[in-house]
K.L.:
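My questions will all concern the structure given below.
Chain identifiers are assigned alphabetically (A, B, ...) following the order of the sequence lines, protein sequences preceding nucleic acid strands; residue numbering begins at 1 within each chain.
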There are 2 protein chains.
Amino acid sequence: MENIRSLFQTMTKRFGFLNKNCCSVDGMEISLVQSHILYEIDRLKQPSVQQVADSLGMDITTFSRQVQKLVQMRLVRKTPYPEDRRIMILSLTTEGAYIAAKIDAEMNEYLAEVFSHMSEFEKETVLRSIQLLNDCMAKSSVCCKPMYGSK
Amino acid sequence: MENIRSLFQTMTKRFGFLNKNCCSVDGMEISLVQSHILYEIDRLKQPSVQQVADSLGMDITTFSRQVQKLVQMRLVRKTPYPEDRRIMILSLTTEGAYIAAKIDAEMNEYLAEVFSHMSEFEKETVLRSIQLLNDCMAKSSVCCKPMYGSK
DNA sequence: ATTTATTGTTTGCAATTTACAATTTTTTGA
DNA sequence: TCAAAAAATTGTAAATTGCAAACAATAAAT
């Protein structure tokens, strides 16, 4: 059996390649991080700037500037949170949601192609395995949380 | 069942966090990409500059500069290939191999902790699943290969 | 044998990305 | 009330990136 880390290294590398393909939608150029930001804003409903930055493990200042770009591109909206006016709530514009959905569809298509090389049973097993893995990573103490506040 | 992409997105994000931790060994600061380069040089035995850059899906010029840094840090050695003197063969120095091994050990330790949250049977299943997934990604046509020569 | 094309690698350079420190604005709590 | 904390932004300087171009060595062509 191969070294466990190398399994992961190979997997994330290949998934990374897959991810890279997905960053040009209808002539609009999106960087990899930007696509992740769109994805994350969509996932966390009505998140603050802090929340998304934390969730992505990005430095808040870097994130702030990336968001500015996405706002300029009219893909993201920034609305002050009434209850606490320090907080900015992020959301996708119609255009942003469209782009995010387009990327999502494309990624799922790619993944479907990958899974087409295995049986239905194997596919179910793999997906359940990843689910389980994700749960265990979430439980894990030593890792898998961003550590930017650690200083 | 969750969207397939989100399973992958979550997994790679968490593994990415885990990876980030591993970049400071004995006071020596290694960036994430640099750790990947060390790993890849170790994996491919006696690779050329081109080969490693391709394997990592990195732009060759960016890669060239990163290698220069690693050479300066005395972690990587660059030796001209006798048969074809255009080619530079990369290898780890003793120090580089030590660092790479240290990172590898630490990563495996982290992963062991993650897997400690599941049964031995589950662990075997998950590892086999990842192995299978890697094989299918390798087979896949639409993705999972770097596409830098694509222009 | 000499020219021409190709391949592997490195630099010039300009744009982008990054993160630390400091700042602004608002809220909280002693 | 007022100092401390929290959320977000900006100044700045360093690091990273990738295209175009250059360079060196080999292969192919004439």
Side-chain angles (χ1 to χ4, degrees), chain A residues 16-17 19-21 23-24 28-38 40-41 44 46-73 76-91 146-151, chain B residues 16-17 19-20 23-24 28-37 40-41 44 46-73 76-91 146-151:
Chain A
F17 290 156
N19 246 323
K20 270 192 194 167
N21 291 333
C23 296
S24 169
M28 167 83 74
E29 269 305 320
I30 309 281
S31 80
L32 189 58
V33 278
Q34 283 167 356
S35 83
H36 286 154
I37 292 174
L38 292 184
E40 212 63 13
I41 291 177
L44 313 165
Q46 310 285 317
S48 70
V49 170
Q50 238 348 312
Q51 282 172 331
V52 183
D54 283 353
S55 177
L56 286 172
M58 282 180 74
D59 180 272
I60 182 84
T61 70
T62 305
F63 181 74
S64 176
R65 274 184 247 259
Q66 286 290 352
V67 167
Q68 281 174 31
K69 287 201 178 177
L70 288 168
V71 169
Q72 278 172 11
M73 295 182 193
V76 167
R77 207 176 4 241
K78 232 170 18 178
T79 38
Y81 183 56
E83 327 280 317
D84 183 340
R85 300 221 304 284
R86 290 171 300 182
I87 295 176
M88 285 296 194
I89 297 295
L90 300 177
S91 58
M147 20 93 259
Y148 264 97
S150 64
K151 63 161 183 180
Chain B
F17 290 156
N19 246 323
K20 271 192 194 166
C23 297
S24 168
M28 167 84 73
E29 269 304 321
I30 309 281
S31 81
L32 189 56
V33 278
Q34 284 167 356
S35 83
H36 286 155
I37 292 175
E40 212 63 12
I41 291 177
L44 314 165
Q46 311 284 317
S48 70
V49 170
Q50 219 23 287
Q51 282 173 332
V52 182
D54 283 352
S55 177
L56 286 171
M58 283 180 72
D59 181 271
I60 181 85
T61 69
T62 306
F63 181 74
S64 175
R65 275 183 251 260
Q66 286 292 351
V67 167
Q68 280 174 31
K69 287 200 180 177
L70 288 168
V71 170
Q72 277 172 11
M73 295 181 193
V76 167
R77 207 181 0 244
K78 229 169 22 177
T79 39
Y81 181 59
E83 328 279 318
D84 183 340
R85 299 223 305 284
R86 290 171 298 183
I87 296 176
M88 284 297 194
I89 296 296
L90 300 177
S91 59
M147 20 94 260
Y148 264 98
S150 65
K151 61 159 184 181

K.L.:
When you get a sec, tell me which of D:dA8, D:dT17, D:dT26 is the closest nucleotide to the side chain of A:Ile87?
P.N.:
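The answer is D:dA8, which lies nearest to the side chain.
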K.L.:
What nucleotide among C:dA19, D:dT17, C:dT9 has an atom nearest to a side-chain atom of A:Asp59?
P.N.:
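Closest of the options to the side chain of A:Asp59: C:dA19.
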K.L.:
Among D:dT10, D:dA5, C:dT9, find the nucleotide with the atom closest to the side chain of A:Thr61.
P.N.:
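Selected nucleotide (nearest to the side chain): D:dT10.
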K.L.:
Should A:Gln68 be listed as having a side-chain N or O under 4.0 Å from OP1 or OP2 of D:dT10?
P.N.:
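For D:dT10, OP1 or OP2 has a side-chain N or O of A:Gln68 closer than 4.0 Å.
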K.L.:
Would you say A:Ser48 reaches D:dA7's phosphate, i.e. side-chain N/O to OP1/OP2 under 4.0 Å?
P.N.:
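Result: no.
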K.L.:
Looking only at side-chain N and O atoms, does B:Thr62 come under 4.0 Å of OP1 or OP2 in D:dG18?
P.N.:
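So the side-chain polar atoms of B:Thr62 do come within 4.0 Å of the phosphate oxygens OP1 or OP2 of D:dG18, strictly under.
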K.L.:
Between D:dA8, D:dT26, C:dT26, spot the one nearest the side chain of A:Gln50, thanks.
P.N.:
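Side chain of A:Gln50 sits closest to D:dA8.
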K.L.:
State whether A:Lys78 places a side-chain N or O below 4.0 Å from either non-bridging phosphate oxygen (OP1 or OP2) of D:dT9.
P.N.:
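Answer yes for this pair, as a side-chain N or O of A:Lys78 is under 4.0 Å from OP1 or OP2.
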K.L.:
Ignoring hydrogens, what is the shortest heavy-atom contact between B:Ile87 and B:Ser48? Give both atom names and the distance.
P.N.:
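Scanning both residues, the minimum pair turns out to be CG2-CB, 3.6 Å.
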K.L.:
Checking contacts here: which listed nucleotide (D:dT26, D:dT9, C:dT18) is nearest the side-chain heavy atoms of B:Arg86?
P.N.:
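Closest nucleotide among those given: D:dT26.
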K.L.:
Respond yes when some side-chain nitrogen or oxygen of A:Gln51 is under 4.0 Å from OP1 or OP2 of D:dA7, and no when none is.
P.N.:
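No.
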K.L.:
May I ask you to test the B:Met88-B:Thr79 pair for a side-chain heavy-atom distance under 4.5 Å?
P.N.:
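Result no, sub-4.5 Å side-chain heavy-atom pair not found.
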K.L.:
Considering non-hydrogen atoms only, spot the tightest contact between B:Phe63 and B:Val49 and give its length.
P.N.:
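Heavy atoms only, the tightest pair is CE2-O, 3.4 Å.
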K.L.:
Which comes earlier along DNA chain C counting from the 5' end, the contact point of A:Val33 or that of A:Pro82, where each point is its nearest nucleotide?
P.N.:
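Result: A:Val33.
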K.L.:
Side chain of A:Met88, heavy atoms from C-beta onward: which of D:dT26, C:dT26, D:dT9 has the nearest atom to it?
P.N.:
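From the listed options, D:dT9 comes nearest.
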K.L.:
Look up atom CD in A:Glu40 and atom OG in A:Ser35, then write down how far apart they are to the nearest 0.5 Å.
P.N.:
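Here the interatomic distance stands at 10.5 Å.
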K.L.:
So does B:Arg65 reach the base of D:dG18 with its side chain, donor to acceptor, closer than 3.5 Å?
P.N.:
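Indeed, a donor on one side and an acceptor on the other fall under 3.5 Å apart.
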K.L.:
Would you please confirm or rule out a distance under 4.0 Å between OP1 or OP2 of D:dT17 and any side-chain N or O of B:Gln66?
P.N.:
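Yes, within the criterion.
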K.L.:
Quick check: do B:Met58 and B:His36 have side-chain heavy atoms less than 4.5 Å from each other?
P.N.:
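Of all side-chain heavy-atom pairs linking B:His36 with B:Met58, none is under 4.5 Å.
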